[in-house]
Trainee: 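Have a look at this one before I ask anything.
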Amino acid sequence: MSAWVLPDHIADVLPSEARHIEELRRELLDTARGYGYELVMPPLLEHLESLLSGTGEALDLQTFKLVDQLSGRTMGLRADTTPQVARIDAHLLNRQSVTRLCYCGPVVHTRPDRPHATREPLQFGAEIYGHAGLEADTEVLLLALDCLRASGLSQGAIVDLADARIVRSLFAGVPADAALLGRVHAALVAKDASELRALTRDFPLAAREGLLALVQLYGDAAVLDEAARVLPPSPEVRAALADLKQLGGRIEGAQISFDLSDLRGYAYYSGMRFGIYVDGAADALVRGGRYDEVGAVFGRNRPAVGFSLDLRELVGVLPTRPLRAAIRAPWSDAAGLRAAIAALRAQGETVVCVLPGHDSEIDEFQCDRELVEHAGQWNVQAI
């Protein structure tokens with residue numbers, strides 16, 4: 001095998017895409033800063049027990065492990081940044097007030113989470129700690145939509161809402177082990193009623209009928225009224241449905257739908273969860289929700305809600321951005337030319353100096369102007 005061949009689902013990012021990704025990174029971080037979110041930069045690797053505390057089996061399977069040559073302890077490359085941000089909130093900041101944090105950096109997966117996906121996403125995310133009300137849920141959703149608008153996706157977004165408390169309530173008191181519950185969750189996500197019927201044959205009748213009803217509970221706001229009619233009337237279910245209705249009414253500029261059997265990340269979320277879908281993306285482009293227990297293993301069980309997206313996936317559904325045209329300049333040690341180039345670059349212009357002997361080569365920056373000398377002065381003129 002050639003030494004330059006990269007592993008499966010790992011790829012270089014070439015100049016035009018890298019430039020687009022970097023522009024998006026800045027735009028999304030600026031959007032989050034406009035809401036009051038502070039940037040944090042967790043390390044790419046940590047001791048495994050810290051990295052995976054409280055995250056469940058799914059993240060464990062997605063995490064690369066290695067041995068630290070200094071301590072001999074097992075370390076992991078992060079597969080998700082949220083647990084690290086929860087650790088920062090709990091131990092390094094340790095604030096009593098509401099804390100808003102954002103981040104953007106690579107994560108690494110042992111396998112792609114869907115066909116054709118990268119194993120090295122560039123994850124952007126934002127999280128609020130310390131507020132349990134719908135106000136925080138609403139802010140996170142509005143920020144996620146504003147981030148998509150900042151990227152150029154201003155039309156056609158679909159926000160799909162669900163709530164982990166509904167299934168949690170239906171499972172209450174059900175005598176089933178973790179393996180069986182995992183299969184039930186998978187059947188719900190796939191909306192496989194026949195498989196679900198077989199798996200729940202020994203469940204209490206109310207739980208079984210409620211789980212089977214979830215398979216059909218997806219669509220517009222009328223779904224919430226139907227859910228109130230057919231699901232067991234527990235306080236937790238009623239609260240979840242009321243919150244979903246209120247939250248859906250607060251979101252503008254996007255189509256709202258509900259899918260009460262969508263439980264992807266069920267081990268993670270404790271309440272409202274959402275996915276945002278756009279044309280061109282194979283799956284939800286943004287995922288998020290409420291995960292109040294995320295900081296418990298770090299000694300601070302604070303309310304938490306947030307979202308994340310992959311910038312590399314986001315770039316894949318956006319039209320290519322045109323290059324900002326540059327200025328071509330000759331290569332010279334002349335002080336006047338050097339001063340003119342420095343002044344233009346200080347103004348934010350891109351000035352490409354043509355090295356001797358390379359005048360006829362392809363212009364990657366599509367220069368539309370050039371620096372020319374006239375009467376001892378260097379001026380910019382159109383090509």
Side-chain angles (χ1 to χ4, degrees), residues 28-29 31-40 42 53-56 59 80-90 93-104 123-148 157 159-169 236 239-252 254 256 258-260 262-276 284-298 300-310:
L28 298 193
L29 288 174
T31 301
R33 183 175 60 184
Y35 276 70
Y37 288 72
E38 301 172 279
L39 178 65
V40 292
S53 292
T55 60
L59 198 62
D80 183 23
T81 314
T82 293
Q84 295 181 296
V85 179
R87 174 182 55 76
I88 289 173
D89 173 69
L93 297 178
N94 197 27
R95 298 170 180 169
Q96 299 304 313
S97 59
V98 169
T99 302
R100 293 174 171 91
L101 301 175
C102 64
Y103 57 86
C104 188
Q123 189 180 56
F124 167 83
E127 325 213 343
I128 300 178
Y129 294 89
H131 186 76
L134 276 179
E135 297 83 2
D137 298 14
T138 304
E139 181 177 301
V140 159
L141 260 168
L142 293 176
L143 174 56
L145 288 168
D146 273 352
C147 284
L148 293 185
V159 178
D160 196 54
L161 294 167
D163 198 302
R165 290 174 292 177
I166 295 174
V167 171
R168 186 174 297 184
S169 175
E236 195 169 24
L241 294 176
D243 285 352
L244 288 175
K245 180 174 289 189
Q246 189 173 352
L247 190 59
R250 291 177 172 179
I251 305 304
E252 298 179 354
I256 306 298
F258 301 87
D259 186 351
L260 303 189
D262 186 356
L263 303 173
R264 280 170 284 190
Y266 68 89
Y268 206 56
Y269 295 111
S270 61
M272 177 278 298
R273 56 147 300 280
F274 67 89
I276 303 179
L285 191 60
V286 182
R287 286 203 177 275
R290 181 164 286 281
Y291 29 82
D292 289 341
E293 287 89 2
V294 70
V297 294
F298 302 113
R300 292 195 78 200
N301 196 11
R302 296 229 292 166
V305 60
F307 72 89
S308 66
L309 60 85
D310 175 12

Trainee: Compare all side-chain heavy atoms of Ile276 with those of Val159 and state whether any distance is below 4.5 angstrom.
Mentor: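 Heavy-atom side-chain distance check passes, below 4.5 Å.
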Trainee: With side chains defined as the heavy atoms from C-beta onward, is the minimum distance between Leu142 and Ile251 less than 4.5 Å?
Mentor: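 Sidechains of Ile251 and Leu142: in contact.
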Trainee: Restricting to non-hydrogen atoms, name the atom on Tyr37 and the atom on Leu101 that form the minimum distance, rounded to 0.1 Å.
Mentor: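 Closest heavy-atom pair between Tyr37 and Leu101: CD2-O, 3.4 Å.
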Trainee: Could you give the distance from CG (Leu59) to OG1 (Thr82), rounded to the nearest 0.5 Å?
Mentor: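 Between Leu59 CG and Thr82 OG1, I get 9.5 Å after rounding to 0.5 Å.
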Trainee: Give me the atom names and distance for the closest heavy-atom approach of Val305 to Ala136.
Mentor: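 Of all heavy-atom pairs spanning Val305 and Ala136, the closest is CG1-CB, 3.7 Å.
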Trainee: Looking at every heavy atom in both Arg302 and Gly130, which two are closest together, and how far apart are they?
Mentor: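 Shortest heavy-atom separation between Arg302 and Gly130 comes out as NH1-CA, 3.7 Å.
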Trainee: Applying salt bridge (charged side-chain N to carboxylate O under 4.0 Å, His left out), name anything that partners Arg100, two or more places apart in sequence or on another chain.
Mentor: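 Only Glu139 meet the salt bridge (charged side-chain N to carboxylate O under 4.0 Å, His left out) criterion with Arg100.
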Trainee: With rounding to the nearest 0.5 Å, note down the distance linking CD1 in Ile128 to CG in Asp89.
Mentor: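 The distance works out to 11.5 Å.
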Trainee: Kindly say whether Ala86 contributes a backbone atom to a donor-acceptor pair with the side chain of Tyr129 at under 3.5 angstrom?
Mentor: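 Here the side-chain-to-backbone pair exists.
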Trainee: Any heavy-atom pair between the side chains of Arg290 and Pro303 that's under 4.5 Å?
Mentor: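 A side-chain contact exists here, since the closest heavy-atom pair is under 4.5 Å.
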Trainee: Calculate, to the nearest 0.5 Å, the distance between atoms CG and CG belonging to Asp262 and Asp163 respectively.
Mentor: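 Spacing of CG (Asp262) from CG (Asp163) equals 12.0 Å.
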Trainee: For Arg33, enumerate each residue passing the salt bridge (charged side-chain N to carboxylate O under 4.0 Å, His left out) test, keeping only those at least two apart in sequence or located in another chain.
Mentor: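 Arg33 satisfies salt bridge (charged side-chain N to carboxylate O under 4.0 Å, His left out) with Asp30 only.
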Trainee: Please check if the side chain of Tyr291 supplies one atom and the backbone of Gly306 the other of a donor-acceptor pair under 3.5 Å.
Mentor: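 It does hold such a pair.
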Trainee: I need the minimum non-hydrogen distance between Leu143 and Ala126, along with the two atoms involved.
Mentor: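 That would be CD2-CB, 3.7 Å.
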Trainee: Would you indicate whether the side-chain heavy atoms of Tyr35 and Cys102 approach each other to under 4.5 Å?
Mentor: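 Of all side-chain heavy-atom pairs linking Tyr35 with Cys102, none is under 4.5 Å.
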Trainee: Could you state the interatomic distance from CG (Leu161) to CZ (Phe258), rounded to the nearest 0.5 Å?
Mentor: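 Reported value, rounded in 0.5 Å steps: 5.0 Å.
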Trainee: Excluding sequence neighbours, so at least two apart, what forms side chain to side chain donor-acceptor pair (under 3.5 Å) with Glu38?
Mentor: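 Partners of Glu38 by the side chain to side chain donor-acceptor pair (under 3.5 Å) criterion, ordered by chain and then number, come out as Arg95.
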Trainee: Mind running side chain to side chain contact (heavy atoms under 4.5 Å, CB included) on Ile166 and Leu241 for me, showing each step along the way?
Mentor: CA-CA 8 Å; Ile166 295 174; Leu241 294 176; 3.9 Å; yes
Trainee: Quick one: pull up CG in Leu148 and CG in Leu28 and give me the separation to the nearest 0.5 Å.
Mentor: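 If we round to the nearest 0.5 Å, Leu148:CG and Leu28:CG are 8.0 Å apart.
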Trainee: Between Gly275 and Arg287, what is the shortest heavy-atom contact and its length?
Mentor: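 That would be CA-NH1, 4.3 Å.
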Trainee: Minimum heavy-atom separation for Cys147 and Phe307, please, with both atom names.
Mentor: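 Heavy atoms only, the tightest pair is SG-CZ, 4.3 Å.
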Trainee: Hey, is Arg250 close enough to Asp137 for a salt bridge, meaning N to O under 4.0 Å?
Mentor: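 Salt bridge flag = no for Asp137 with Arg250.
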Trainee: With a 4.5 Å cut-off on side-chain heavy atoms, are Gln246 and Leu134 touching?
Mentor: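 A side-chain contact under 4.5 Å exists here.
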Trainee: Is there a side-chain contact between Leu247 and Phe274 in this structure, where contact means two heavy atoms from C-beta onward sitting under 4.5 Å apart?
Mentor: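 Sidechains of Phe274 and Leu247: no contact.
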Trainee: Keeping the roles fixed (side chain from Gln123, backbone from Thr81), state whether a donor-acceptor pair exists under 3.5 Å.
Mentor: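 Here the side-chain-to-backbone pair exists.
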